[in-house]
Undergrad: 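The structure is given below, and queries will be raised subsequently.
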Amino acid sequence: EFAEKTDLIVIGIIDSGVDLISQNLSEADKNIILFGTETTINSNAHVNQLVKLGISKKNIVPQICNILESEIQDDCGSANVEFLIRQYVDESLEKLTNSNNILGVLCCTHYFFSKDIFINIMKEKLGDRFKILDPNERMADFAVSYLSYLTDLEQINERKIVNKVYSKVEFLQKEID
């Protein structure tokens, strides 16, 4: 809604996630797990957009990851974070009709910081029958690419960029400086 009412450039995790899924989906990929906060998952925004693309709702597993973002903020590599990710991966896998060719999508900006834990647990459970997709990287890449087109600080100040991946963009901005 905000993006439609402003002249600011808004880079959102939902649109980026759906784009990323559609680009990585093949005939062999039958299952998509959406790992997200309660607010994100309950909005059904990802599911609704994926269904519009022709993906069957029965092949989409929305997985609420309660308090995971808060635990990641405290310590993204902690035992608590690993425990929660393992719990949510297990819950999501129980909801699948089969566990072949799974796309696991990190639908929260915080999850980037614990991506390796997601990968390790999914690999332990599924071997090579999965792929983790992280829309955060796509949003940050877009922001960095866009900033590279702006030639000086005055232009950057004139053009406002709003990104819902503040921490990742701040990290990348430090690299640019």
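Hydrogens, waters and symmetry mates play no part in the numbers below; they use all other heavy atoms, side chains included.
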Undergrad: Would the number of heavy atoms belonging to other residues, nucleotides or ligands and lying under 6.0 Å from NZ of Lys95 be above 12?
TA: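 Yes.
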Undergrad: Are there over 12 heavy-atom neighbours, none belonging to Asp128, within less than 6.0 Å of that residue's CG?
TA: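 Counting neighbours around CG of Asp128, 12 or fewer heavy atoms of other residues, nucleotides or ligands fall under 6.0 Å, so no.
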Undergrad: Can a salt bridge be assigned to the pair Glu82 and Arg86 using a cut-off of 4.0 Å between side-chain N and carboxylate O?
TA: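 Yes.
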Undergrad: Can you tell me how far apart CG (Leu68) and CZ (Phe118) are? Round to the nearest 0.5 Å.
TA: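 So the gap between those two atoms works out to 5.0 Å.
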Undergrad: Take Ile33 and Leu96 through the side-chain contact (heavy atoms from CB on, under 4.5 Å) test and state the conclusion after the steps.
TA: CA-CA 9 Å; Ile33 301 172; Leu96 295 173; 4.2 Å; yes
Undergrad: Leu93 versus Ile102: any side-chain heavy-atom pair under 4.5 Å?
TA: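 Heavy-atom side-chain distance check passes, below 4.5 Å.
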Undergrad: Please answer whether the main-chain N or O of Tyr111 pairs with a side-chain N or O of Ser114 as donor and acceptor at a distance below 3.5 Å.
TA: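 Pair absent, no side-chain N/O of Ser114 close to backbone of Tyr111.
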Undergrad: Please find the pair of heavy atoms, one from Ser43 and one from Asn48, that lie closest to each other, and give the distance.
TA: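 Between these two residues, the closest heavy atoms are O-ND2, 4.4 Å.
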Undergrad: Could you go through Thr97 and Lys58, starting from their C-alpha distance and side-chain angles, then the distance that decides it, and tell me whether this counts as side-chain contact (heavy atoms from CB on, under 4.5 Å)?
TA: CA-CA 9 Å; Thr97 54; Lys58 69 179 182 164; over 6 Å; no
Undergrad: I want to check something: taking the side chain as every heavy atom from C-beta on, are Lys115 and Ile132 in contact at a cut-off of under 4.5 Å?
TA: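 Of all side-chain heavy-atom pairs linking Ile132 with Lys115, at least one is under 4.5 Å.
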Undergrad: Atom NZ in Lys125, atom CD1 in Ile121: separation rounded to 0.5 Å?
TA: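 CD1 of Ile121 is found 8.0 Å from NZ of Lys125.
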Undergrad: Is there a side-chain contact between Asp75 and Asn80 (heavy atoms, below 4.5 Å)?
TA: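 A side-chain contact under 4.5 Å is absent here.
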Undergrad: Taking all heavy atoms of Asn100 and all of Asn31, pick out the closest pair and write down the distance.
TA: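 Answer, listing the atom of Asn100 first, then Asn31: O-ND2, 3.6 Å.
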Undergrad: Can you see which heavy atom on Gly77 is nearest to which on Ile117, and at what distance?
TA: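 Scanning both residues, the minimum pair turns out to be CA-CD1, 4.1 Å.
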Undergrad: Does Tyr88 reach the main-chain N or O of Asn66 with its side chain, forming a donor-acceptor pair under 3.5 Å?
TA: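 Yes, Tyr88 side chain to Asn66 backbone: donor-acceptor pair under 3.5 Å.
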Undergrad: Might you point out which heavy atoms bring Pro62 and Ile41 nearest each other, and give the distance in Å?
TA: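 Smallest interatomic distance, heavy atoms only, reads CB-CG2, 3.5 Å.
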Undergrad: From Cys76 SG over to His110 NE2, what is the distance, rounded to the nearest 0.5 angstrom?
TA: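 Spacing of SG (Cys76) from NE2 (His110) equals 11.0 Å.
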Undergrad: Working to the nearest 0.5 angstrom, can you tell me the gap between Ser56 OG and Ile32 CD1?
TA: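 Here the interatomic distance stands at 9.5 Å.
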Undergrad: To check you understand the geometry: which heavy-atom pair defines the closest contact between His46 and Cys107, and what is its length?
TA: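 Result for this residue pair: NE2-SG, 3.6 Å.
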Undergrad: Restricting to non-hydrogen atoms, name the atom on Val81 and the atom on Ile72 that form the minimum distance, rounded to 0.1 Å.
TA: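 Nearest pair, atom of Val81 first, then Ile72: CG2-N, 3.8 Å.
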Undergrad: If only side-chain N and O atoms count, and only distance matters, is there a donor-acceptor pair under 3.5 Å linking Glu91 with Gln87?
TA: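 Yes.
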Undergrad: Nearest 0.5 Å, what's the CZ-CE distance between Arg129 and Met122?
TA: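 Interatomic distance, Arg129 CZ to Met122 CE, rounded to 0.5 Å: 10.0 Å.
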Undergrad: Between atom CD1 of Ile67 and atom CG of Leu84, what is the distance when rounded to the nearest 0.5 Å?
TA: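 Rounded to the nearest 0.5 Å, the CD1-CG separation comes out at 5.0 Å.
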